[in-house]
Amino acid sequence: MGCYRALTMLKHMEKFQSVSSVSGGTWGTSIYMFGATFKGSPVSNTELLGTPLNPPDCTLARLQEAVPAIASGIVEGDSDKILAELGVEFLGREWEVWPHVMSRWLYRYFDDLKSFDNYTAVDAAQIAKIKEQNPQLEKKPFLSMRADRRTQAYTMCCTMLSPEGRLATESNAVSLQMAANRTGSPFYPDNAQVKYQKAPICPCDKCCYKCCTITRTVGGGFVESFAFGGEAPNAKGQMGGQGVKVGAPAKPFALPYMAGMSSWAPGGVMDSSAVLGELGNLRQKYWPVTSPHLPKAQKALMYEFGDGGLIDNSGVLCQLQRGAPKFVWIATAWSAFSTTYDWANATVENFDPIAAGVVDQLYVLFGYNTTSEGYFYANDQVFEKDLLLPMCKELRALALLGKPAVLKKTMRVLPNEWWGIVGNCEVEYIIIYLQACQDFQKALPAETQAEIAKGSDGMFNNFPIYSTTGNNSGDALGLTTPQVNLLAAQAQYSVVVNAALFNELLGSYPDQTDV
């Protein structure tokens, strides 16, 4: 929210042709892209993102004022209560709990966004075309993007794990990309089919089920989102094209399902057990788009889905699939750089990014992998491995100097057949990497600095790298109003003080001098 606010102040936000989000990033970005009304009334950009909040203005009183609309659902302190209520309501259908958390908690003040009745489309013209071709939908409600966002392609990323009862691995998990107008996976992983073995009852028994495999095509293209989740078309139709008749989904693929699938972090671990996956993983019917290369028709199977961060937590790879020459990467780190790692003696050959406290969304794009269960990063490399350590040293050096960890880089993209990335080209990007920023903190009012210094005994426990869950007792998912406002202020500051970098990447406007 703070980064978007600053980019809007610099008049850069409107320049982005494409926006992608993953996991918790989808929570805020989906509201930014779709939220046209708030508490029943039209909502402006300023109301969504908030007015500029500079460090000297961050008094405790100001930080306790209402958060901008984007964050309004997460500061009520009631996520534990909502989780408990939904756990009872959906007993026996636990996979419905998380999408309904999105609806009742995150989107609570956005009536159109929280509805499970709404199909999605980009604009009125697309809705009219859909209804003309599908008269049975004439009276059905649709959610469209904000009028001022419709020129920007917006993609929410999740991980397509495996068919129900099958095991997701680094050799078959792929990215599912969801948008107002289309949902699917654009390429075949490694330009080939994948195999799924039977999921074990207990994750420790995986080796006992390797003989029980099925082979499937995944990827190959998209279906319009209003039609996602139904049965596959006939063999000719599955090859793609316009006007293909597909099976109607049992219910609309509504935004709370998209946001839920994008942010369902336990999905990878739960998929490793047939029992856990059946119990709680989000699911939709899925069929691929076939082609002369992989022509065999495939019936729809019920697939399990998980957080987009299980396969790429950056959102960068789906942009490289589309050939983006420039991008801004908001890397919301969940850990700080290690203060005990031997940075002085680290070399390209011995560098251990995990021990150094580097976040996975960064190091996996350079060919490093994780040891964590339920993550599928083995196929993510798009940059030369020996470039990571120098970049991390630059980011860390900025943090040690008290500056925002913001860098502009130019790198060569490596070909990646798993993701369908052609590569062999250069990209320019800016990374905004979340770390503590002493220059920002020193510019805060004394009372706010004192409150931060209290650590877990104060209002800003873990600032600025709040815990993903459980940062505040009794509110597993939420943050407080002051916590949100202060973090957004740091994000805004990090972008604005680096305005020259953003102008260099994106071009400047003559009237930016007052920012």
Side-chain angles (χ1 to χ4, degrees), residues 22-24 26 79-80 82-105 157-176 178 185 194-214 216 218 229 250 256-286 300-313 334 360 369-378 467-470 476-477:
V22 180
S23 194
T26 295
S79 64
D80 284 9
I82 290 173
L83 284 163
E85 291 172 351
L86 291 171
V88 173
E89 182 175 341
F90 291 101
L91 187 64
R93 291 189 297 143
E94 284 78 9
W95 58 85
E96 290 281 1
V97 169
W98 193 243
H100 282 78
V101 170
M102 299 296 97
S103 174
R104 296 189 195 177
W105 179 71
C157 302
C158 78
T159 301
M160 182 157 53
L161 295 166
S162 63
E164 279 187 320
R166 297 285 166 174
L167 182 67
T169 69
E170 291 178 327
S171 298
N172 58 34
V174 301
S175 169
L176 186 85
M178 306 164 288
S185 188
V194 299
K195 296 182 183 295
Y196 302 98
Q197 73 172 66
K198 188 176 180 182
I201 302 299
C202 174
C204 60
D205 294 333
K206 293 177 186 176
C207 60
C208 300
Y209 296 86
K210 288 186 176 180
C211 60
C212 307
T213 63
I214 61 172
R216 293 276 296 176
V218 292
Y257 283 115
M258 296 180 184
M261 287 162 60
S262 182
S263 62
W264 179 235
V269 171
M270 296 185 75
D271 182 271
S272 65
S273 161
V275 174
L276 293 177
E278 172 65 23
L279 177 69
N281 271 352
L282 281 68
R283 59 205 62 185
Q284 294 283 345
K285 281 189 175 179
Y286 171 80
L301 293 182
M302 191 67 77
Y303 270 72
E304 296 178 14
F305 295 88
D307 194 306
L310 304 178
I311 196 167
D312 169 33
N313 208 19
W334 47 265
D360 48 19
N369 206 345
T370 182
T371 56
S372 300
E373 177 75 25
Y375 293 83
F376 312 100
Y377 295 146
S467 297
T468 308
T469 57
L477 304 176

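This chain uses plain numbering: 1 for the first residue, then up along the sequence. These numbers come from the heavy atoms of this one structure, side chains and all, not from hydrogens, waters or symmetry mates.
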Would you say [X] and [Y] make side-chain contact, with heavy atoms under 4.5 Å?
X: Tyr375; Y: Asn313; value: no
X: Met261; Y: Gln284; value: yes
X: Leu86; Y: Trp98; value: no
X: Val218; Y: Tyr196; value: yes
X: Leu477; Y: Leu83; value: yes

Is it true that a side-chain atom of [X] and a backbone atom of [Y] form a donor plus acceptor pair closer than 3.5 Å?
X: Arg166; Y: Tyr303; answer: no
X: Ser79; Y: Ala476; answer: yes
X: Ser263; Y: Gly24; answer: no
X: Arg216; Y: Ser162; answer: no
X: Ser262; Y: Ser23; answer: yes
X: Asp271; Y: Ala168; answer: yes

With Thr169, which residues qualify under side chain to side chain contact (heavy atoms under 4.5 Å, CB included), at least two apart? Leu167, Ser171, Asn172

Phe90 vs His100 aromatic rings, parallel, tilted or perpendicular, using cut-offs 30° and 60°? tilted

How close do [X] and [Y] get, heavy atom to heavy atom, and via which atoms?
X: Ser272; Y: Glu373; answer: CB-OE2, 3.7 Å
X: Tyr377; Y: Asp312; answer: CE2-N, 4.0 Å
X: Glu278; Y: Glu304; answer: N-OE2, 4.0 Å
X: Phe305; Y: Trp264; answer: O-CD1, 3.6 Å
X: Gly306; Y: Cys158; answer: O-CB, 3.4 Å
X: Met270; Y: Asn281; answer: CB-OD1, 3.6 Å

To the nearest 0.5 Å, what is the distance between [atom1] ([X]) and [atom2] ([Y])?
X: Ile311; Y: Glu170; atom1: CD1; atom2: CD; answer: 9.0 Å
X: Trp95; Y: Met302; atom1: CH2; atom2: CE; answer: 8.5 Å
X: Cys157; Y: Leu310; atom1: SG; atom2: CG; answer: 12.0 Å
X: Leu176; Y: Met258; atom1: CG; atom2: CE; answer: 9.5 Å
X: Met102; Y: Thr26; atom1: CE; atom2: OG1; answer: 10.0 Å
X: Asp307; Y: Leu282; atom1: CG; atom2: CG; answer: 10.5 Å

May I ask you to check whether Tyr257 and Glu96 show a side-chain donor-acceptor distance below 3.5 Å? yes

